[in-house]
Number of protein chains: 2
Amino acid sequence: MVDQLLDAALIEFAAHGYAGASTRAIAERAGAHQPQINYHFRSKEALWQAAVDRLFAELDAELGATPEVLGEDLLGRFASFVRAFVGFSARRPELHRIMNQESTADSPQLAWVVSRHIAPRIEVLSVAWSAVREAGAVADLDPAEVWELLIGFGALPYANAPLRRQLFGPVRADDVDRRAARLIALLAAGP
Amino acid sequence: MVDQLLDAALIEFAAHGYAGASTRAIAERAGAHQPQINYHFRSKEALWQAAVDRLFAELDAELGATPEVLGEDLLGRFASFVRAFVGFSARRPELHRIMNQESTADSPQLAWVVSRHIAPRIEVLSVAWSAVREAGAVADLDPAEVWELLIGFGALPYANAPLRRQLFGPVRADDVDRRAARLIALLAAGP
DNA sequence: GTCTATACCGAGATAGAC
DNA sequence: GTCTATCTCGGTATAGAC
């Protein structure tokens with residue numbers, strides 16, 4: 001039941017934001033009654049944190065813990081990381097939906113997820129990108145710009161899939177591959 | 001008072017989404033009492049629509065009605081459009097905050113804003129981009145990709161400004177100019 | 001561990017005095 | 001046009017039977 005509540009919570013929080021999602025709707029989606037949430041978790045806030053924790057654990061599993069770009073063939077490893085990131089963002093749009101929902105104003109939720117999940121990953125990405133840059137053959141971008149391109153072009157279209165579908169119709173079968181390739185080309189050649 | 005309610009509504013809807021924002025908080029921010037909203041507007045829904053209408057009117061004013069890229073010096077005109085778009089997104093982050101909030105699930109709000117505001121602008125952009133492409137010297141991107149780059153790299157960082165500030169600190173004074181230049185380079189040279 | 005019942009609060013909307 | 005008072009509903013959380 002805990003897993004089903006977490007799954008339902010991700011969908012509802014992603015769709016309506018922390019404030020807009022209701023524990024009633026989450027419980028109903030999970031096939032449970034609303035007080036079950038306060039039994040298995042302390043509060044709505046604790047449920048949100050548990051759901052976000054699980055989401056980032058899934059991300060790490062997909063990326064193979066953290067992107068290992070410190071070996072040889074740096075560019076190839078970085079490209080693999082980009083492909084995995086785009087693939088995950090397409091399969092699990094809830095992560096960036098939740099981040100977009102909670103990044104529009106300072107809140108306890110934003111501070112929590114930044115210190116616990118985002119900041120450490122920014123650190124890893126910055127180190128990795130520096131190594132890739134020193135190996136040459138990539139764009140003259142700072143880590144913040146790389147981050148912005150990954151999120152903005154690699155993940156946002158999936159986070160906003162309902163909008164995108166209304167505008168451009170059904171998603172192509174090779175959408176993830178095409179997008180990852182474009183993104184890698186952007187980061188490799190750059191503006 | 002109508003204007004003050006609309007201003008307050010934009011901030012609250014942008015921060016917490018349609019479901020998460022409360023008419024009480026909007027009224028308080030505007031220095032009014034909550035029933036004033038139902039007097040000046042029919043409902044919370046009507047208030048949201050009025051606020052979004054005003055936001056897109058501001059966007060059009062900033063862009064000079066619609067981007068006129070059908071004359072000569074196409075690339076220069078398109079670059080001006082990109083700069084104006086990035087500048088507006090930085091000055092008025094509420095637009096993309098609201099769009100991101102409402103694009104995570106199908107809803108009456110999303111259908112309304114797509115048919116009334118987004119789809120017509122996609123149409124204009126597609127025609128304009130086709131003209132620019134035929135004039136040559138730009139990237140081999142389809143209109144959907146251009147749209148995604150404009151939103152994802154040109155607007156999202158401002159929509160998520162609270163997150164960005166926590167990660168990368170205060171925004172540089174020349175942030176808009178740098179970003180617009182990068183974006184123009186991406187669209188001109190492309191991956 | 002799961003159910004029903006319910007407390008308590010804040011939500012949007014309306015009525016009517018001024 | 002703006003105020004106070006209030007209706008009704010849905011929100012989170014808790015109590016207690018099973």
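Every chain is numbered from 1, with letters handed out A, B, ... down the list of sequences. From a predicted model like this one, the values you see are computed outputs, not experimental measurements.
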Hey, mind stepping through B:Asp106 and A:Gln166 against side chain to side chain donor-acceptor pair (under 3.5 Å) and telling me if it holds? CA-CA 9 Å; B:Asp106 286 313; A:Gln166 288 196 29; 3.3 Å; yes

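Listed by chain and residue number, B:Ala46 satisfy the side-chain contact (heavy atoms from CB on, under 4.5 Å) test with B:Arg42 (two or more places apart in sequence, or in another chain). Checked against salt bridge (charged side-chain N to carboxylate O under 4.0 Å, His left out), A:Asp7 has the following partners two or more places apart in sequence or in another chain: A:Arg54, A:Arg92. Here B:Arg179 pairs with A:Glu148, B:Tyr158 under the side chain to side chain donor-acceptor pair (under 3.5 Å) rule; sequence neighbours left out.
Regarding B:Tyr18, its OH atom lies at a distance of 9 Å from the P atom of C:dG12, rounded to whole Å. Protein atom CZ of B:Phe41 is 14 Å distant from nucleotide atom P of C:dG12, rounded to whole Å. At whole-Å resolution of the value, CD1 in A:Ile26 and P in D:dA13 are 11 Å apart. Regarding A:Phe13, its CZ atom lies at a distance of 11 Å from the C1' atom of D:dT12, rounded to whole Å. Rounded to an integer number of Å, the gap from CH2 of A:Trp48 to P of D:dA13 is 15 Å. Distance A:Gln36 CD to C:dA5 P: 16 Å, rounded to the nearest Å.
The existence of a salt bridge linking B:Asp175 and B:Arg164 is confirmed by a sub-4.0 Å separation between a basic side-chain nitrogen and an acidic carboxylate oxygen. By the 4.0 Å N-to-carboxylate-O rule, B:Arg83 lies too far from B:Asp177 to be salt-bridged with it.
Within residues 98-113 of chain B, no residue is approached by DNA chain D to less than 4.0 Å at the level of any non-hydrogen atom.
Put simply, the side chain of B:Ser103 never gets that close to the backbone of B:Asn100: no donor and acceptor are under 3.5 Å apart. Although no hydrogens or angles enter the test, the distance criterion places no donor-acceptor pair under 3.5 Å between the side chain of B:Lys44 and the main chain of B:Ile37.
Within 4.0 Å of B:Ala21, counting heavy atoms only, lie sugar-phosphate atoms of the nucleic acid but no base atom. Within 4.0 Å (heavy atoms only), B:Ala27 reaches no atom of the nucleic acid at all.
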Under 4.0 Å protein heavy-atom contact, by nucleotide of nucleotides 13-18 of chain C - B base, S sugar-phosphate only: BB----

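With respect to B:Leu187, the side-chain contact (heavy atoms from CB on, under 4.5 Å) criterion is satisfied by exactly one of B:Val132, B:Leu75, B:Leu149: B:Leu149.
Axis angle, first five pairs versus last five pairs of the helix from C:dG1-D:dC18 to C:dC18-D:dG1: 0°, rounded to 10°.
The aromatic rings of B:Trp129 and B:Phe78 sit tilted relative to each other, their planes meeting at an angle between 30° and 60°.
Proximity of B:His33 to the phosphate of D:dT2: no side-chain N or O atom is located under 4.0 Å from OP1 or OP2.
Other residues, nucleotides and ligands contribute only 12 or fewer heavy atoms inside 6.0 Å of the CD atom of B:Glu28.
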